[in-house]
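One structure is given below, encoded as structure tokens.
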There are 2 protein chains.
Amino acid sequence: MSLNQQHVNKLHPDESVVNTNLDEVFDMQQVSINMIKKATKKVDRRVLRTRKQLSQSLLELMQQSSFEEITIKDITDRADMNRATFYLHYGTKEELLFKSLESRFDELVHTIETQLETKPDEPIWADGCYEQMVFEHVADHVDLYKVVLDQNGMGTIIHQIIDYIAAVTLRHTIDYHDNQDTNGIPLEAISRHVAGSMFSLIVWWVRNDLPHPPKEMADICHRLINLGCDNVFDTD
Amino acid sequence: MSLNQQHVNKLHPDESVVNTNLDEVFDMQQVSINMIKKATKKVDRRVLRTRKQLSQSLLELMQQSSFEEITIKDITDRADMNRATFYLHYGTKEELLFKSLESRFDELVHTIETQLETKPDEPIWADGCYEQMVFEHVADHVDLYKVVLDQNGMGTIIHQIIDYIAAVTLRHTIDYHDNQDTNGIPLEAISRHVAGSMFSLIVWWVRNDLPHPPKEMADICHRLINLGCDNVFDTD
DNA sequence: TGAGTTATGCGACACAATGTCGTTAAATCA
DNA sequence: TGATTTAACGACATTGTGTCGCATAACTCA
């Protein structure tokens with residue numbers, strides 16, 4: 001019976017358990033974000049190559065088929081490798097997908113943060129500059145995000161993406177606003193609000209094939225999140 | 001090969017195709033929302049009973065196992081019926097799940113709308129009254145939402161839920177603000193913003209086992225969405 | 001109520017995907 | 001170079017899926 005207990009992949013017991021709880025999601029983020037600064041460990045070239053091929057194959061297949069329809073055999077076939085090899089690296093295709101996305105997110109966050117470090121704090125956060133970088137990043141990788149965000153059945157990913165945005169936002173909110181009073185609103189709620197709104201706007205934007213330029217979307221996003229809906233209607 | 005083409009369930013060709021595009025999602029909402037006012041058609045009692053049992057069985061199973069782990073056999077076993085019977089009503093378990101949730105959403109929306117009809121427009125939308133009804137609804141069905149929103153791998157559902165909220169919000173925004181100027185911000189973006197933020201806040205709230213009373217969450221939600229983040233920090 | 005319709009039960013089937021394994025060959029690292 | 005690690009290959013048992021025909025029970029409607 002399939003309800004007994006989680007499947008445990010004996011081939012790589014350290015990272016085999018499928019993510020089902022929040023802790024692991026956050027762990028993954030922390031690790032990933034920190035990874036950026038770490039020197040790349042010495043990994044066997046074959047491993048690197050294999051993982052890159054698997055990642056690319058999945059992404060390519062997702063341009064043609066929906067995620068659930070894609071089997072592990074499909075992925076390994078396209079990558080010209082044996083199906084068993086997949087299991088040497090990943091437990092599920094979901095894991096492969098998020099690991100693939102993760103690196104792109106990390107790059108984006110890293111870019112934003114280093115850019116912001118070189119300038120005074122206040123104006124940049126205030127005028128939607130970082131939102132612009134986000135939307136430009138999405139625009140630069142439309143093909144990918146179109147596939148990831150415009151498809152149903154991408155459950156794990158969606159939660160993980162929102163969690164990711166919320167985690168980064170929370171960190172920045174703490175850094176920037178420090179112990180500022182929030183009138184009883186938890187900082188986590190604020191970061192959730194930002195993450196949810198931004199995610200939802202990005203999905204809408206991507207689904208409709210980027211109907212506005214990134215700068216405009218960034219402005220819309222910034223105004224809605226920071227000034228609120230009332231402001232949008234009030235200033236007429 | 002599994003990439004050729006969508007699976008078509010020959011048993012019920014009219015609704016057999018799995019939802020993979022946005023149109024169907026919106027269709028579903030429209031139909032569903034309208035359904036409420038329609039008189040319930042004469043449906044064979046056995047059908048009603050079967051569907052109710054399937055729905056309940058799935059929901060119960062989800063309290064114990066994650067959605068992907070649950071098989072159709074598990075569902076029909078618990079409902080004490082034959083596996084083939086499932087396919088007489090639904091094409092996939094995802095379909096069953098969303099149909100189950102759909103009715104609850106419709107009820108909530110219906111409740112809110114009738115309540116609002118009996119009172120003057122302005123103050124109710126303005127002071128977070130409807131948000132409160134939403135969060136109270138979630139609190140009333142914690143067990144269900146805990147399972148649906150706190151699990152990974154619930155892809156289809158998450159997109160559909162956000163779409164649903166956005167659709168309702170858009171309708172209300174159009175009704176209430178009419179042709180009011182929005183400084184170039186599309187109404188759809190506004191509804192997406194509201195839906196994303198609200199969804200994300202609900203997920204956070206549910207995951208953390210409702211750390212604040214519904215009224216407080218409604219207030220937080222209302223302030224963040226309508227007054228924006230800046231306002232939260234500014235008024236100290 | 002009884003006749004006709006319809007849903008479900010049951011058992012079976014072919015098929016596809018999964019996770020695992022042992023052995024062999026090849027690539028890589030030091 | 002030699003030692004180590006990785007991938008290829010083929011195979012296997014297992015599980016879930018979607019479908020079918022037929023018998024029976026439940027329901028509807030007149």
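Letters go in sequence order (proteins before strands), and every chain restarts at 1. Being a predicted model, the structure only gives us computed values, none of them experimental.
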Nearest-angstrom distance from the residue atom [atom1] of [X] to [atom2] of [N]:
X: B:Gln53; N: C:dA7; atom1: CD; atom2: P; value: 16 Å
X: B:Leu48; N: D:dA26; atom1: CG; atom2: C1'; value: 14 Å
X: B:Asp44; N: D:dC29; atom1: CG; atom2: P; value: 9 Å
X: B:Leu54; N: C:dG9; atom1: CG; atom2: P; value: 9 Å
X: B:Ile75; N: D:dG16; atom1: CD1; atom2: C1'; value: 12 Å
X: A:Glu94; N: C:dG19; atom1: CD; atom2: P; value: 10 Å
X: A:Lys73; N: C:dT20; atom1: NZ; atom2: C1'; value: 17 Å
X: B:Tyr87; N: C:dT8; atom1: OH; atom2: P; value: 15 Å

Checklist entry - Looking at five pairs on each end of the helix from C:dT1-D:dA30 to C:dA30-D:dT1, what is the angle between the two axes, given to 10 degrees? => result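 Comparing the first five pairs with the last five, the axes sit 50° apart.
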Item to check | Residues which pass ring-ring contact (aromatic ring centres under 6.0 Å, His included) with A:Phe135, listed by chain and number, not counting sequence neighbours | outcome: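 Listed in chain order: A:Trp205.
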Next on the checklist: Going by the rule side chain to side chain donor-acceptor pair (under 3.5 Å), which residues pair with A:Lys73 if we only count those two or more places apart in sequence or in a different chain?
Outcome noted: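 Listed in chain order: A:Asp77.
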Checklist entry - Who pairs with B:Thr173 by side chain to side chain donor-acceptor pair (under 3.5 Å), at least two apart in sequence or on another chain? => result none
Item to check | Options D:dT28, D:dA26, D:dT17, nucleotide nearest the side-chain atoms of B:Arg45 | outcome: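 From the listed options, D:dT28 comes nearest.
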Checklist outcome for this item: B:Val47 has its side chain closest, among C:dA7, D:dT17, D:dA7, to C:dA7
Next on the checklist: When you measure from the side-chain N and O atoms of B:His89 to the phosphate of C:dT8, is any distance below 4.0 Å, counting only OP1 and OP2?
Outcome noted: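 Yes, because at least one side-chain N or O of B:His89 sits under 4.0 Å from OP1 or OP2 of C:dT8.
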Item to check | Distance below 4.0 Å between A:Thr71 side-chain N/O and C:dA16 OP1 or OP2 | outcome: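 Looking at the OP1 and OP2 atoms of C:dA16, neither is under 4.0 Å from any side-chain N or O of A:Thr71.
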Checklist entry - Does a side-chain heavy-atom distance below 4.5 Å link B:Leu96 with B:Phe86? => result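 The answer is yes; the side chains approach within 4.5 Å.
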Next on the checklist: Side chains of B:Ile158 and B:Val203, heavy atoms from C-beta outward: is any pair under 4.5 Å?
Outcome noted: no
Going by atom types only, do [X] and [Y] share a side-chain donor-acceptor pair under 3.5 Å?
X: A:Ser100; Y: A:Ser55; answer: yes
X: A:Thr71; Y: A:Asp74; answer: yes
X: A:His172; Y: A:Glu113; answer: yes
X: B:Thr76; Y: B:Arg83; answer: no

Hey, what are the protein-to-nucleotides 2-5 of chain C N/O distances that come in under 3.5 Å?
none

Checklist entry - Does atom CD of B:Glu60 have more than 12 heavy-atom neighbours, drawn from other residues, nucleotides or ligands, at distances under 6.0 Å? => result yes
Item to check | Side-chain ion pair, A:Arg207 and B:Glu188, N-O less than 4.0 Å | outcome: no
Shorter than 3.5 Å, N or O on both sides, protein versus nucleotides 8-11 of chain D: list them out with atom names.
from	atom 1	to	atom 2	distance (Å)
D:dA8	OP2	A:Asn82	N	3.1
D:dA8	OP2	A:Thr85	OG1	2.4

Checklist entry - Parallel, tilted or perpendicular: which fits the ring planes of A:His141 and A:Tyr145, with parallel below 30° and perpendicular above 60°? => result perpendicular
